[in-house]
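Heads up, the thing below is written out as structure tokens.
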Amino acid sequence: MEVILDQKDAAGWIYRGEGAGNLVLAYTGSSPTFTGKVMRIQKALRNKKPKEPLTLCANGGSIFEKHERLLWRDNKELVSSSSKEILERLYVEEIMSPLLGAKYVDAGMRVRVTRGFLDLDSVLLLSDHTLFPQGILKGEPCIAVEIKPKCGFLPISRFIAKQNAIKRSTSRFKMHQALKLCDQEISELSEYDPLDLFSRSKERICKAIKALYTTPQNNFRVFLNGSLIFGGLGGGTGRTSFAIGEAFEDALKCVIQADDGLRTNSFIQLVAETVYQAGILDRLLEVQKLDNFDIEGAIHAYYNIISQPCKVCRELDEENVNLCTSLHSIPLDESLKIVKDYFIAATAKDCSLMICFRPKHGDVSGYYDSVYLHSTNQAFDYKACFIDLDLKPFKKMEDYYVKDKKIASCYLQMVNMNQGVNKAITTNACGNAH
Ligand SMILES: O=P(O)(O)O[C@@H]1[C@@H](OP(=O)(O)O)[C@H](OP(=O)(O)O)[C@H](O)[C@H](OP(=O)(O)O)[C@H]1OP(=O)(O)O
Ligand SMILES: Nc1ncnc2c1ncn2[C@@H]1O[C@H](COP(=O)(O)OP(=O)(O)OP(=O)(O)O)[C@@H](O)[C@H]1O
Ligand SMILES: [Zn+2]
């Protein structure tokens, strides 16, 4: 039976979180149809006038513009998507799920809504990944961690210009921190480095989780029974203060059986052990690595696809231009593959991972994977899922190139001025007092 959200279903949906593009509401009502679900609403679509069609049927019914249709031409269903929501769902199901593993991906269900419910035609219903499906073990506490890992590898593409060689030895996340600090998007540098989280070394994974706890920004959140208990709601947050740390330690009481002062460490160990043991990030890393030309190579393939003179080659020095010009004589199919892989990798570099835990009782082997926490002698069931696997707009390619240059040069500037980013925190390379 088709699910339709009606005015009578409007009660019980509460704010769960948001990003740049979407608003997420969680269900707390009593309807079994929506129990354990969240609703994901695209912000841009929310503001459409009632009479305006939600399905953007330009381009013969496809929501894609000309070049996007070319890019994704091997996937007929995707190309013929008539609304952004249909497209997003299909992209997750058809492209990301096979790459990341269906076990870790939830494409969700598109549900029609009546005008009395929301000023929309349809929304996406997803499982609430901060919870275990209801009814299995009622009354058990559920603790979930959300990690936005970002890019976990250093690029090795030969198309990286000499002046950007720093990209080969410093993670993009770390370099981006310098730009964010300059732009006052953050007030201090994160201690987190994705290279640790993706390292496959238990010690480095643990170091990464500790760093995320210390400086969560928009990369780390914790939920208890669906409510946020750590991290920023609807955005980032600064360094963890003593008071926040104490409140978190206290909130962990009902899940981690340890004395005061020891629970947070145990929780960090639990998350690190799970990331290490489950190998969840290994696949994500492989998908991120589909970007093997780096933006400095992929941008040339982009100009091939849009059949326009390459704005980048125009500005390169002689040494770089010779190498990059070669990319303008490759077959169209090759250009399409380079750019398509770049976009798939971009999704994988921007998604988040949710891992939900509940204490396990008895020795029974269950449906879920489990992890053992030595420090407290406790076993937990866990389930993991990637969220926010959105397709990035094709027209963002030029922005990606510009931002990449800006990130590398801002970082270098900071290093040069201060001989080390840490020193830059206090003197702030942008000249702003902090
Ligand atoms: O470019 P980045 O690495 O800053 O990633 C953007 C994210 O920034 P952050 O993780 O804070 O660095 C950014 O996150 P915030 O809005 O800063 O929380 C978005 O996720 C953005 O994607 P989209 O435009 O919403 O599709 C992201 O843009 P894409 O690069 O993934 O297109
Ligand atoms: N299926 C889910 N279950 C539980 N919580 C979720 C789910 N999907 C999203 N959330 C929560 O809502 C927040 C915003 O969702 P999401 O990341 O999809 O938004 P976005 O606008 O795409 O973000 P971004 O700006 O990073 O692209 C998440 O950070 C997470 O806390
Ligand atoms: Zn070029």
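Note that ligands are numbered from 1 as they come in the structure, with each ligand's atoms numbered from 1 the same way.
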If the cut-off is 4.0 Å to any non-hydrogen atom of D128, which atoms of ligand 2 fall inside it? 3 (N), 4 (C)
If you take the nearest heavy atom of each of R172, Q177, K43, K392, which one is closest to atom 22 (O) of ligand 1? K392
Ligand-residue contact atoms, ligand 1 with A20, heavy atoms, under 4.0 Å: 16 (O), 25 (O)
for atom 14 (O) of ligand 1, nearest protein heavy atom and its distance come out as K148 NZ, 3.1 Å
Polar contact flag for G21 and ligand 2 (N/O pairs, less than 3.5 Å): yes
Side chain or backbone, does D388 bring an N or O within less than 3.5 Å of an N or O on ligand 1? no
Atom 30 (O) of ligand 1 - nearest protein heavy atom and its distance: Y400 CE2, 3.3 Å
Does an N or O from G19, backbone or side chain, lie closer than 3.5 Å to an N or O of ligand 2? yes
Between Y401 and Y302, ring centroids under 6.0 Å: no
Looking at atom 6 (C) of ligand 2, what's its closest protein heavy atom, distance included? M354 CE, 3.8 Å
Of all heavy-atom pairs linking S83 and R110, the shortest is OG-NE, 4.3 Å
Taking a cutoff of less than 4.0 Å between a non-hydrogen atom of the residue and any ligand atom, is F173 in contact with ligand 1? no
Do any N/O atoms on S127 end up under 3.5 angstrom from N/O atoms on ligand 2? yes
Is the centre of the Y342 ring less than 6.0 Å from the centre of the F293 ring? no
Would you mind telling me if ligand 1 is within reach of the side chain of Q217, the backbone, both or neither, using heavy atoms under 4.0 Å? neither
Is the NZ or CZ atom of R73 both under 6.0 Å from the centre of the six-membered ring of F64 and within 45° of that ring's axis? no
State whether the side chain of T215 and the backbone N or O of A211 hold a donor-acceptor pair below 3.5 Å, judged by distance alone. yes
What atoms of ligand 2 come closer than 4.0 angstrom to any heavy atom of V24? 9 (C), 10 (N), 12 (O), 14 (C), 15 (O)
Anything under 30° is parallel, anything over 60° is perpendicular, the rest tilted; go ahead and classify F380 against F357. perpendicular
Under 3.5 Å, N or O to N or O, is D388 touching ligand 2 that way? yes
Look at the aromatic rings of F230 and Y213 and report parallel, tilted or perpendicular, splitting at 30° and 60°. parallel
Between I387 and ligand 2, which part of the residue brings a heavy atom under 4.0 Å of the ligand: side chain, backbone, both or neither? side chain
Does the R16 side chain pair with the main chain of G226, one donor and one acceptor, at a distance under 3.5 Å? yes
Ligand-residue contact atoms, ligand 2 with E18, heavy atoms, under 4.0 Å: 13 (C), 14 (C)
Return the closest protein heavy atom for atom 11 (C) of ligand 2 as residue, atom name and distance. R16 CG, 4.0 Å
If the threshold is 4.0 Å, N to carboxylate O, is there a salt bridge linking K150 and D350? yes
Carboxylate-amine/guanidinium proximity below 4.0 Å for R40 and D390: yes
Say whether S171 and D193, considering side chains only, have a donor N or O and an acceptor N or O under 3.5 Å apart. yes
Taking only heavy atoms of K148 into account, list the atoms of ligand 2 that are under 4.0 Å away from them. 26 (O)
May I ask you to identify the nearest protein heavy atom to atom 7 (C) of ligand 2, giving residue, atom name and distance to one decimal place in Å? V38 CG2, 4.0 Å
For ligand 2, find out whether one of its N or O atoms is nearer than 3.5 Å to an N or O atom of A20. yes
Report yes or no: do S190 and Q217 form a side-chain donor-acceptor pair below 3.5 Å? no
With heavy-atom distances below 4.0 Å as the criterion, list the atoms of ligand 2 near R221. 29 (O)
With a 4.0 Å cut-off, would you call K337 and D333 a salt bridge? no
Check D196 against R204 and note the closest heavy-atom contact, atom names and distance. OD1-NE, 2.8 Å
Under 4.0 Å, heavy-atom basis, I'd like to know which part of D390 is in contact with ligand 2: side chain, backbone, both or neither. side chain
May I ask you to say whether K167 pairs ionically with E296, meaning some side-chain N is under 4.0 Å from a carboxylate O? yes
Looking only at protein heavy atoms, what sits closest to atom 3 (N) of ligand 2 is H129 N, 3.0 Å
Listed as residue and atom, the protein N/O/S atoms under 2.8 Å from the Zn ion (ligand 3) are H300 ND1, C310 SG, C313 SG, H328 NE2
For atom 28 (O) of ligand 1, what is the closest protein heavy atom, and at what distance to 0.1 Å? K396 NZ, 3.3 Å
Say whether S81 and Y91, considering side chains only, have a donor N or O and an acceptor N or O under 3.5 Å apart. no
Please confirm whether R40 comes within less than 3.5 Å of ligand 2 when only nitrogen or oxygen atoms on both sides are compared. yes
Distance under 4.0 Å to a non-hydrogen atom of D350: what atoms of ligand 1 satisfy this? 5 (O), 6 (C), 7 (C), 10 (O), 19 (C), 20 (O), 21 (C), 22 (O), 27 (C), 31 (O)
Would you check if there is a donor-acceptor pair between the side chains of S335 and N304 at a distance under 3.5 Å? yes
Is the charged tip of K174 near the ring of Y411: under 6.0 Å from the six-membered ring centre and within 45° of its axis? no
Numbered atoms and elements of ligand 1 in range of K403, under 4.0 angstrom, heavy atoms: 1 (O), 2 (P), 4 (O)
So, the side chain of E140 versus the backbone of K360: is there a donor-acceptor pair under 3.5 Å, distance only? no
Closest non-hydrogen protein atom to atom 9 (P) of ligand 1, residue and atom name please, with distance? K180 NZ, 3.4 Å
Donor-acceptor pair, E18 side chain versus G234 backbone, under 3.5 Å? no
N or O contact, N22 vs ligand 2, cut-off under 3.5 Å: yes
Considering only NZ, NE, NH1 and NH2 on the basic side and carboxylate oxygens on the acidic side, decide whether D291 and K349 come within less than 4.0 Å. yes
Which atoms of ligand 1 are found less than 4.0 Å from any heavy atom of N218? 9 (P), 10 (O), 11 (O), 15 (P), 17 (O), 18 (O)
Honestly, for E185 the part within reach of ligand 1 (heavy atoms, under 4.0 Å) is neither
Evaluate ring-ring contact (aromatic ring centres under 6.0 Å, His included) for F153 paired with F198, printing each intermediate quantity in order. CA-CA 8 Å; F153 72 99; F198 284 91; 8.9 Å; no
So does G152 get a backbone contact from the side chain of K289, meaning a donor-acceptor N/O pair under 3.5 Å? no
What residue and heavy atom of the protein are closest to atom 8 (O) of ligand 1, and at what distance? K150 NZ, 4.1 Å
Could you tell me, atom by atom, which parts of ligand 2 come under 4.0 Å of a heavy atom of F223? 31 (O)
Atoms of ligand 2, numbered as shown, that sit under 4.0 Å from any heavy atom of E146: 28 (C), 29 (O), 30 (C), 31 (O)
